[in-house]
Amino acid sequence: MTALPDPNQNLQTLSIHSGRQVDPATGSVATPLYTSTTFERDPDGEFSRHFFYSRIDNPNRKSLEQCLADLEGGVEAVAFSTGMAASLAVFQALAPGDHVVLHRDLYFGVRELITGLFSRWGLEHSFVDMRNIEEVRQACRPQTRLLWLETPTNPLVEVVEIRPVAELARSLQIPLACENTFATPVLQRPLELGADLVVHALTKYLSGHSDALGGAVIFGRKSDLTDRIKVFQRVGGAVLSPFDCWIILRGLETLVPRVRLHCENARQVAEFLSTHPAVAVVHYPGLTNDPGHAIATRQMRDFGGMLSFEVRGGREEAFAMTSRLKLIVRATSLGGTHSLIEHRASIEGVFSRSPESLLRLSVGLEGAEDLIADLDQALRG
Ligand SMILES: *Cc1c(COP(=O)(O)O)cnc(C)c1O
């Protein structure tokens, strides 16, 4: 039997080389940072070197977008100032009166956008359980212009099978957007599974060091949606700064080994928590008894670095436990080198679906044994 080629071999190469080259002017191996807002015209008024004003395009942004498109197997990527600005651009590309169907568990900021800002703007929506394809079919109307899902989800770590939703979307000629922030292209490539666009909060794993905000939309093929979304970047001005593009690209160079280690650490932490008497339930698709395990095994190359768990004793014990942690930091966000823990219900507010006993843990790159020892002493009280 011959081993299947490991697609991540190719991703490792792309994450280092795609969109970049040794600088022809100086021989610099590391990509220079181009802070100039404006670029020289040719004597005849043309721009043969492509760039003319940094809102429209910038060399660092062009490198990042090329690299992201290649990592996701897309034809084009558009980078934004944050993950939310990327989502905003996708919904703003629709029109008042249009309808969107979304998986019911998703990043709370997107829920806030849809139920708050965009309902005032006349965009209609339905939340359904996309793990049940009949629910998706029944929610679609003649005005439905977009399906939106995130998998694994934030914060309940639910796993949605992308392929059947993509097949339904294709049969109804409705584009499917898939948020790939938790999985990253190392673990799952939604465009290959039939999604039309991929949305990322680059702030998380792709950047990887909790020191840059960014977002991106990546397209499987060009359509009028591509052009409408690009307008919000180039004309609307929701651009990522050259420095943020540069630092995110630097983070991307180690994406594959980082994600592998996040997965390995999360697996050990999840196994430890799942046998701990102070823990009622662990949500992690790598555990064989997790409801998402079978789909994740088919769909993902590993199970990711994100998990959530419910402590016995509700909200009070959840707070007490985190107050005793010494290594794991109590902070929002995810996907960086530092392990971060957060009580989601208290920050998600009225839009929350998180139980009061739930803590979300972004398992970082510290030694797994140190993380487990810290959790153990905090759970013992
Ligand atoms: C963090 C996050 C976002 C928002 O990204 P920002 O850069 O904070 O705007 C969107 N979706 C998911 C799944 C996230 O984790």
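Order of listing sets the numbers, starting from 1, for every ligand and every atom in it.
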Trainee: Does R111 qualify as a cation-pi partner of F127, given the criterion of NZ or CZ under 6.0 Å from the six-membered ring centre and within 45 degrees of its axis?
Mentor: yes
Trainee: So, for W148 and F91, is the gap between ring centers shorter than 6.0 Å?
Mentor: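 Under 6.0 Å, so yes.
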Trainee: Extract all N/O-N/O pairs under 3.5 Å that connect ligand 1 to the protein, and present each with both atom names and the distance rounded to 0.1 Å.
Mentor:
unit_1	atom_1	unit_2	atom_2	d
ligand 1	7 (O)	G83	N	2.9
ligand 1	7 (O)	T203	OG1	2.6
ligand 1	9 (O)	G83	N	3.2
ligand 1	9 (O)	M84	N	2.8
ligand 1	11 (N)	E179	OE1	3.1
ligand 1	11 (N)	E179	OE2	2.9
ligand 1	15 (O)	N154	ND2	3.4
ligand 1	15 (O)	K204	NZ	2.7

Trainee: Does the pair R267/E264 count as a salt bridge with the N-to-O cut at 4.0 Å?
Mentor: yes
Trainee: Centre of F80's six-membered ring, under 6.0 Å away, within 45 degrees of the axis: is that where NZ or CZ of K230 sits?
Mentor: no
Trainee: Considering residues at least two apart in sequence or located in another chain, which fulfil the salt bridge (Lys or Arg N to Asp or Glu O under 4.0 Å) criterion with K222?
Mentor: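 Salt bridge (Lys or Arg N to Asp or Glu O under 4.0 Å) list for K222, sorted by chain: E76.
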Trainee: Could you tell me whether R131 and E158 have a side-chain N and a carboxylate O separated by less than 4.0 Å?
Mentor: yes
